[in-house]
Protein chains: 2
Amino acid sequence: MSLPHALLTALLEKPSSGSELTRRFDRSIGYFWSATHQQIYRELGKLERAGLIRTLPGGAPTRGQKKEYEVLPEGRAELVRWVDQREDPKVARDPLPLRLRAAGVVGLGGLVDELRRHRDLHRARLAEYREFDRRDYADEPSTQQERVQRLVLRGGIDVEAGWISWLTRAVEELSGEAPEEDTAGTDP
Amino acid sequence: MSLPHALLTALLEKPSSGSELTRRFDRSIGYFWSATHQQIYRELGKLERAGLIRTLPGGAPTRGQKKEYEVLPEGRAELVRWVDQREDPKVARDPLPLRLRAAGVVGLGGLVDELRRHRDLHRARLAEYREFDRRDYADEPSTQQERVQRLVLRGGIDVEAGWISWLTRAVEELSGEAPEEDTAGTDP
DNA sequence: ACAAGCATGTAATTTGTTACATGATTAT
DNA sequence: ATAATCATGTAACAAATTACATGCTTGT
């Protein structure tokens with residue numbers, strides 16, 4: 001049940017329309033959650049019916065028009081409750097290691113190339129995150145909100161770095177490639 | 001669509017019943033996928049109807065009795081196809097960083113304690129994985145299957161280490177705690 | 001023979017994915 | 001004006017979660 005709370009958070013940071021939220025989910029929010037625009041529209045409807053958010057007064061009610069939402073006190077209260085609850089970590093869920101394990105039984109096929117491809121995609125994502133980090137938090141963060149947002153971005157960076165280190169080792173071991181030099185770079 | 005393929009892999013490694021598969025998903029397979037017994041039973045039924053697996057001859061057909069499955073040639077072929085396809089990496093999906101971001105807006109509440117709790121759970125899981133690594137792969141792996149299984153386990157270890165490093169930093173920064181010494185240990 | 005636990009299964013709900021449809025806005 | 005794009009929305013489906021039900025097996 002994280003999507004509604006992710007939406008509440010995003011709307012508290014800045015009232016937005018569905019399409020704006022979709023774009024924001026591809027960016028900062030998306031380090032640890034993704035959602036299609038359909039999920040977002042459906043969930044916005046639910047949240048509105050539940051009285052947790054409302055459309056900004058003056059929003060046009062017809063189709064195809066922008067429709068901005070803001071969070072109501074009940075929505076904020078629900079978010080507080082969610083932040084404060086206990087919730088155990090879930091196991092990561094990723095098909096790639098699963099495919100590798102399957103390859104252990106039925107043969108590698110072209111999987112090593114696929115591992116290289118993923119390694120490169122993760123490297124690109126890591127570079128992008130580091131760029132965000134440099135650009136958006138150049139000077140010491142002032143507000144608690146900024147400090148926390150930077151921490152979350154750091155989480156994304158750590159996770160990407162972890163994948164790269166694993167994929168690099170896997171490719172080396174399965175292809176007999178020579179180890180490369182420090183491609184992930186050092187921590188800034 | 002990873003669950004059916006995870007099941008095919010597990011069954012190729014060793015024909016099993018639903019409850020055995022459930023247990024195996026809590027162990028080795030579970031480094032990167034989880035499933036409840038209900039998901040597993042339903043999916044086994046589907047795979048059987050699709051002609052990808054069958055019950056071992058001699059299995060009792062009544063309820064409450066063990067029912068062992070094995071993979072048919074069509075199932076193996078499907079697995080080969082899956083291993084060899086292209087599939088882009090998905091973004092990680094974890095509520096904890098999301099909750100942290102929400103806390104940036106509505107206040108931390110008891111979240112720092114929750115971060116500590118998660119850090120400790122990840123430490124415990126990491127210790128467990130390292131124990132598996134030591135126990136199950138003490139000597140150099142001989143078969144391709146063993147090499148690959150060990151690589152997957154290493155993936156689990158890398159991911160856990162990444163979480164621990166992030167959570168440790170987050171707790172330090174949000175609580176003003178003094179940095180600790182090397183709790184994750186060094187790579188064996 | 002009875003309780004406790006195990007193995008399988010059904011049902012209902014929620015969440016996520018994919019495909020498609022329609023009204024508004026913008027650029028040429 | 002009209003094509004391309006944007007924003008919102010509907011529909012159908014697949015996957016995952018939660019709760020509950022029923023028959024076997026084992027130990028006492």
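Since the structure is predicted, the reported quantities are computational estimates derived from the model, not experimental observations.
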Asks: Figure out the CZ/P separation between B/R42 and D/dT18, and round it to whole Å.
Replies: 13 Å
Asks: Any side-chain N or O of A/K67 under 4.0 Å from OP1/OP2 of D/dG9?
Replies: yes
Asks: Counting only heavy atoms not in B/R86 (residues, nucleotides, ligands), do more than 12 fall under 6.0 Å from its CZ?
Replies: no
Asks: Nearest-Å distance, CG (B/L44) to C1' (C/dT10)?
Replies: 16 Å
Asks: Atom CD of B/Q39 to atom C1' of C/dT8: distance rounded to whole Å?
Replies: 16 Å
Asks: Please state whether the phosphate of C/dA7, meaning OP1 or OP2, lies under 4.0 angstrom from any side-chain nitrogen or oxygen of B/T22.
Replies: no
Asks: Answer yes when A/D26 and A/R23 have at least one side-chain N-carboxylate O distance shorter than 4.0 Å, and no when they do not.
Replies: no
Asks: By nearest atom, which of the nucleotides C/dA7, C/dG16, C/dA19 is closest to the B/Y41 side chain?
Replies: C/dA7
Asks: On DNA chain D, nearest-nucleotide positions of B/K46 versus B/T36: which is more 5'?
Replies: B/K46
Asks: When you check the phosphate oxygens OP1 and OP2 of D/dA16, does a side-chain N or O of B/R93 lie under 4.0 Å from one of them?
Replies: no
Asks: Under 4.0 Å between a Lys/Arg side-chain N and an Asp/Glu carboxylate O for B/D84 and A/R99?
Replies: no
Asks: How close or far is atom C1' of C/dA7 from atom CG of B/L56, stated in whole angstroms?
Replies: 16 Å
Asks: Take atom CG of A/L3 and atom P of D/dA16, then tell me their distance rounded to the nearest Å.
Replies: 17 Å
Asks: Quick one: A/R49 CZ to D/dG9 C1', roughly how many Å, whole number?
Replies: 12 Å
Asks: Could B/R154 and B/Y137 be counted as a cation-pi pair, given that NZ or CZ must be under 6.0 Å from the ring centre and within 45° of the axis?
Replies: no
Asks: Can you label the angle between the A/F32 ring and the B/W163 ring as parallel, tilted or perpendicular, going by 30° and 60°?
Replies: tilted
Asks: Round to the nearest Å and state the distance from A/F25 atom CZ to C/dT17 atom P.
Replies: 12 Å
Asks: Relative to the 5' end of DNA chain C, which residue comes earlier, A/P4 or A/Q38, by the nucleotide with the nearest heavy atom?
Replies: A/P4
Asks: Is A/S19 near enough to D/dT8 that one of its side-chain N or O atoms lies under 4.0 angstrom from OP1 or OP2?
Replies: yes
Asks: Please report the distance, rounded to the nearest Å, between NZ in B/K66 and P in C/dG9.
Replies: 14 Å
